[in-house]
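These notes are about the structure you will find just below.
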Amino acid sequence: MREPTLAHRLAAEFIGTFWLVLGGCGSAVFAAKFTTDTGLSLGIGFLGVALAFGLTVLTGVYAFGTISGGHFNPAVTLGAALAKRVEWKALVPYWITQVVGGLVAGVVIYIVAKGKEGWTATGNMAANGYGDHSPGGFSLASVLIAEIVLTAVFLLVILGSTDDRAPKGFAGLAIGLTLTLIHLISIPISNTSVNPARSTAVAFFNGDGAPAQLWAFWLAPLVGAAIAGVAYPFLFGVAEELAERPVRDDALE
């Protein structure tokens, strides 16, 4: 079978990141706190939003992992490059595509949400934040530590489950469930980023301090991913060098 071209890979990253933001942030905007006209709560809450993010990644990895590696996240691409799972020349094109895909999803969420009378985007677009903008009022230091540690763990799971030595066909499940667990831990802390593209996708629509705090949700996930990308080969070795092909092209066969 012919290897996917860079254009094919970028198309997969665009759709996958779009799906992640639409499914994850969309569930938070539309369904997390839904109530009926009589006041009955039918919202999915933190658990539902966590599952939504996990399911978008799980389905995205199985759908597009063999094409692009199924990153959908600049931090994942950085960690994969440091671990020699993806070529460095793909880093910037992947990052640009992921951010654009997320922003397009943000536009869709905004347009749909504006269809509800009285709804305003300010403070209601599932943005990430610290201090007064943290759901639980957590400090900048707490948010940075949580985002670094959780992103590092996320990358270790991704690199481990897509290692040539790992059982085949289970990477998407492991990755999706890990992201679900990460959200269960950290929605109250930072509204959970571990993904700069996801954070960027809604920050500017949300306003209310989110754009000014966006730097933290680029810095921390990239630091966490870099730690894992360097640590994984050092700690566990490599079965072979994979720098000339996507990170998940064999793992999902």
Side-chain angles (χ1 to χ4, degrees), residues 1-6 8-10 12-13 15-17 19-20 50-51 53-91 93-95 97-98 147-186 194-197 220-253:
M1 181 180 294
R2 186 167 62 92
E3 288 289 329
T5 66
L6 181 59
H8 295 145
R9 293 164 66 184
L10 296 181
E13 286 298 302
I15 297 170
T17 311
W19 177 230
L20 184 150
L51 284 169
F53 272 101
L55 288 171
T56 61
V57 170
L58 186 155
T59 54
V61 167
Y62 282 118
F64 306 116
T66 55
I67 300 170
S68 69
H71 299 184
F72 320 140
N73 181 340
V76 173
T77 304
L78 176 63
L82 287 167
K84 299 182 179 180
R85 301 288 190 89
V86 67
E87 70 276 27
W88 280 102
K89 67 182 180 181
L91 183 71
Y94 266 48
W95 279 16
T97 302
Q98 290 156 355
E147 290 284 333
I148 290 170
V149 171
L150 292 172
T151 308
V153 172
F154 189 38
L155 262 294
L156 289 174
V157 171
I158 290 171
L159 294 171
S161 62
T162 59
D163 195 303
D164 277 4
R165 297 166 290 183
K168 306 304 180 184
F170 294 98
L173 187 61
I175 294 163
L177 289 176
T178 300
L179 189 61
T180 300
L181 177 56
I182 285 171
H183 278 77
L184 291 174
I185 295 168
S186 60
V194 301
N195 183 341
L222 292 179
V223 170
I227 292 170
V230 172
Y232 186 87
F234 177 78
L235 292 173
F236 307 118
V238 292
E240 60 173 308
E241 298 294 341
L242 303 177
E244 295 305 318
R245 53 193 174 90
V247 64
R248 299 191 182 95
D249 60 352
D250 282 347
L252 300 180
E253 289 180 356

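Numbers here simply count residues along the sequence, with the first being 1. Note that the coordinates shown come from a computational prediction; the quantities given were computed from them, not determined experimentally.
Taking every heavy atom of both residues into account, A152 and A228 meet most closely at O-CB, 3.4 Å. When all heavy atoms of V194 and L179 are compared, the closest pair comes out as CG2-CD1, 3.9 Å. Summarising the geometry of S68 relative to G70, their closest heavy-atom pair is OG-N, 3.1 Å, with the distance given to 0.1 Å. Of all non-hydrogen atoms in A226 and L82, the two that sit nearest each other are CA-CD1, 3.4 Å. Summarising the geometry of D163 relative to G237, their closest heavy-atom pair is OD2-O, 4.5 Å, with the distance given to 0.1 Å. Taking each heavy atom of I67 and A12 in turn, the nearest pair found is CG2-CB, 3.8 Å.
Here CG of L20 is found 13.5 Å from CD1 of I15. Values are rounded to the nearest 0.5 Å. In this structure, the separation between CG on L222 and CD1 on I227 is 11.0 Å, given to the nearest 0.5 Å. Residue L155 holds its CG atom at 12.0 Å from CG of L150, rounded to the nearest 0.5 Å. Here the straight-line distance linking atom CD1 of I175 with atom OH of Y62 works out to 8.5 Å at 0.5 Å rounding. L173 contributes atom CG, which lies 9.0 Å from atom OG1 of T178 (distance to the nearest 0.5 angstrom).
A donor-acceptor contact shorter than 3.5 Å is absent between the side chain of Y232 and the backbone of A80. A donor-acceptor pair under 3.5 Å is formed between the side chain of K168 and the backbone N or O of D164. At distances below 3.5 Å, not a single donor-acceptor pair connects side-chain atoms of T151 with backbone N or O atoms of I148. R85 contributes a side-chain N or O that, together with a main-chain N or O of L159, makes up a donor-acceptor pair within less than 3.5 Å.
Judged as a side-chain hydrogen bond (donor to acceptor under 3.5 Å, both in side chains), the pairs with a partner in residues 72-81 (not counting sequence neighbours) are, in order, H71-T77, T77-Q98.
Taking the six-membered ring where the residue is Trp, H183 and F53 present parallel rings, their angle staying beneath 30° rather than reaching 60°.
For the residue pair H8/T5, the side-chain donor-acceptor check at 3.5 Å is satisfied.
The closest side-chain heavy-atom distance from T97 to F72 is not below 4.5 Å. By the 4.5 Å heavy-atom criterion applied to side chains, R9 and Y94 are counted as neighbours. Counting heavy atoms from C-beta outward, W19 and V57 have side chains that stay 4.5 Å or more apart.
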